[in-house]
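What you see below is based on every heavy atom in this structure, not just the backbone, and it leaves out hydrogens, waters and symmetry mates. Since the model is a prediction, treat every value here as computed from it, not as a measurement.
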Amino acid sequence: KIIQYAKKLEHLATIDTLTQLQNRRGMMNHLRKLADSYSSTNYPFSLVISDIDLFKKVNDTYGHDTGDYVLANLAVILKDFMRDKGRVARWGGEEFLFVFEGKNGDYVFEELNKLKFLIEKSIFTYKDYSFSITMTFGLEEFDSNTGIEKTIEKADEKLYQGKEHGRNCVVY
């Protein structure tokens with residue numbers, strides 16, 4: 001029973017309840033393990049930070065229940081897309097962090113453009129509302145000299161470059 005209880009507590013501490021994706025704590029634990037093994041394996045990985053473009057408009061126009069619906073259903077799309085590629089976590093609010101394991105930035109850039117297209121073509125229907133959304137992505141390859149936090153920071157800077165240059169894009 002103690003082992004089951006410990007597993008339940010770990011799940012509660014590392015999984016976002018709305019999206020059922022890993023949360024920031026869970027993803028950081030995973031990234032630290034990847035970074036630690038990188039020094040001995042040189043197994044590449046790339047980090048991506050993204051967010052939903054103009055998400056405040058969804059909440060303001062249709063209500064917060066609709067926003068929650070979008071987050072939960074988008075999470076299904078993201079998790080399915082990341083199957084066999086790595087992981088995705090809800091980083092906070094409408095932000096998501098991806099780790100593409102064993103993949104360099106060039107490969108990830110192509111994959112993110114496929115994901116971007118998939119998202120912009122998806123129709124979200126909640127109650128009487130149907131609409132689409134877009135996302136912007138900032139991509140950075142992990143470098144052991146830079147470290148996890150700095151790599152995320154660089155990916156975040158690229159996300160903001162994408163926001164400043166029109167949104168709905170991948171910046172690498």
Side-chain angles (χ1 to χ4, degrees), residues 11-31 45-101 103 105 107-141 148-172:
H11 179 82
L12 290 171
T14 60
I15 301 295
D16 177 67
T17 56
L18 176 63
T19 63
Q20 293 304 302
L21 297 175
Q22 276 190 313
N23 62 19
R24 183 183 290 243
R25 177 192 320 254
M27 181 60 94
M28 284 304 294
N29 290 341
H30 181 66
L31 291 175
F45 62 95
S46 296
L47 298 177
V48 177
I49 193 155
S50 68
D51 77 3
I52 302 170
D53 297 326
L54 305 171
F55 187 68
K56 184 178 180 329
K57 184 177 177 185
V58 171
N59 282 328
D60 290 350
T61 303
Y62 306 111
H64 289 278
D65 287 347
T66 305
D68 286 351
Y69 167 84
V70 169
L71 290 169
N73 284 275
L74 176 62
V76 172
I77 294 169
L78 300 180
K79 192 172 189 178
D80 185 54
F81 185 83
M82 290 302 290
R83 186 170 288 121
D84 301 324
K85 294 179 184 81
R87 296 185 184 193
V88 59
R90 184 174 181 198
W91 203 239
E94 71 275 10
E95 278 192 333
F96 298 88
L97 186 115
F98 301 77
V99 57
F100 285 80
E101 298 175 26
K103 309 299 183 197
Y107 170 86
V108 174
F109 181 78
E110 295 299 322
E111 290 298 303
L112 287 174
N113 277 295
K114 292 175 191 174
L115 178 58
K116 181 183 79 67
F117 182 76
L118 175 67
I119 292 166
E120 69 188 39
K121 296 301 177 202
S122 296
I123 302 298
F124 292 84
T125 301
Y126 184 75
K127 295 184 180 176
D128 296 333
Y129 314 118
S130 290
F131 53 91
S132 58
I133 61 169
T134 60
M135 291 184 75
T136 302
F137 303 85
L139 162 63
E140 186 71 24
E141 274 186 57
I148 292 292
E149 287 80 8
K150 192 69 170 169
T151 302
I152 293 170
E153 191 177 302
K154 287 181 172 187
D156 199 41
E157 289 168 8
K158 291 177 178 179
L159 168 64
Y160 280 95
Q161 288 172 14
K163 295 289 188 181
E164 290 173 359
H165 293 99
R167 298 180 180 89
N168 193 29
C169 62
V170 180
V171 179
Y172 174 40

### Task
Kindly indicate, with the supporting measurements, whether the criterion side chain to side chain contact (heavy atoms under 4.5 Å, CB included) is fulfilled by F124 and V58.
CA-CA 11 Å; F124 292 84; V58 171; over 6 Å; no

### Task
Please assess M28 against Q22 for the test side chain to side chain contact (heavy atoms under 4.5 Å, CB included), listing each intermediate value before the final yes or no.
CA-CA 10 Å; M28 284 304 294; Q22 276 190 313; over 6 Å; no

### Task
Please assess E157 against K154 for the test salt bridge (Lys or Arg N to Asp or Glu O under 4.0 Å), listing each intermediate value before the final yes or no.
CA-CA 5 Å; E157 289 168 8; K154 287 181 172 187; over 6 Å; no

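Atom OH of Y129 sits in a sparse spot, with 12 or fewer heavy atoms from other residues, nucleotides or ligands closer than 6.0 Å. Annotation for R167: atom CZ counts as buried by contact number, over 12 foreign heavy atoms lying within 6.0 Å. Heavy atoms from other residues, nucleotides or ligands lying under 6.0 Å from NZ of K163 number more than 12.
A salt bridge links K150 with E153: at least one charged nitrogen is closer than 4.0 Å to a carboxylate oxygen. Looking at E120 and K116, a side-chain N of the basic residue comes within less than 4.0 Å of a carboxylate O on the acidic one, giving a salt bridge.
Considering only residues two or more places apart in sequence or on other chains, T19 meets the side-chain hydrogen bond (donor to acceptor under 3.5 Å, both in side chains) condition with D16. Scored by the side-chain hydrogen bond (donor to acceptor under 3.5 Å, both in side chains) test, D80 finds R83 as partners (sequence neighbours excluded).
Pairs engaging residues 72-94 under the ring-ring contact (aromatic ring centres under 6.0 Å, His included) rule: none recorded [sequence neighbours left out].
Between the side chain of R87 and the main chain of M27, no donor-acceptor pair closer than 3.5 Å is present. Within the 3.5 Å criterion, the main-chain N or O of A13 finds a donor-acceptor partner in the side chain of N23.
One distance of note links CZ of F55 with CD of E95; it measures 12.0 Å at 0.5 Å rounding. Atom-to-atom distance recorded for F96:CZ and F137:CZ is 10.0 Å, nearest 0.5 angstrom. The line from OG1 of T134 to CG of D51 is 9.5 Å long, rounded to the nearest 0.5 Å.
Residues F131 and Y62 bring their aromatic ring centres within 6.0 Å.
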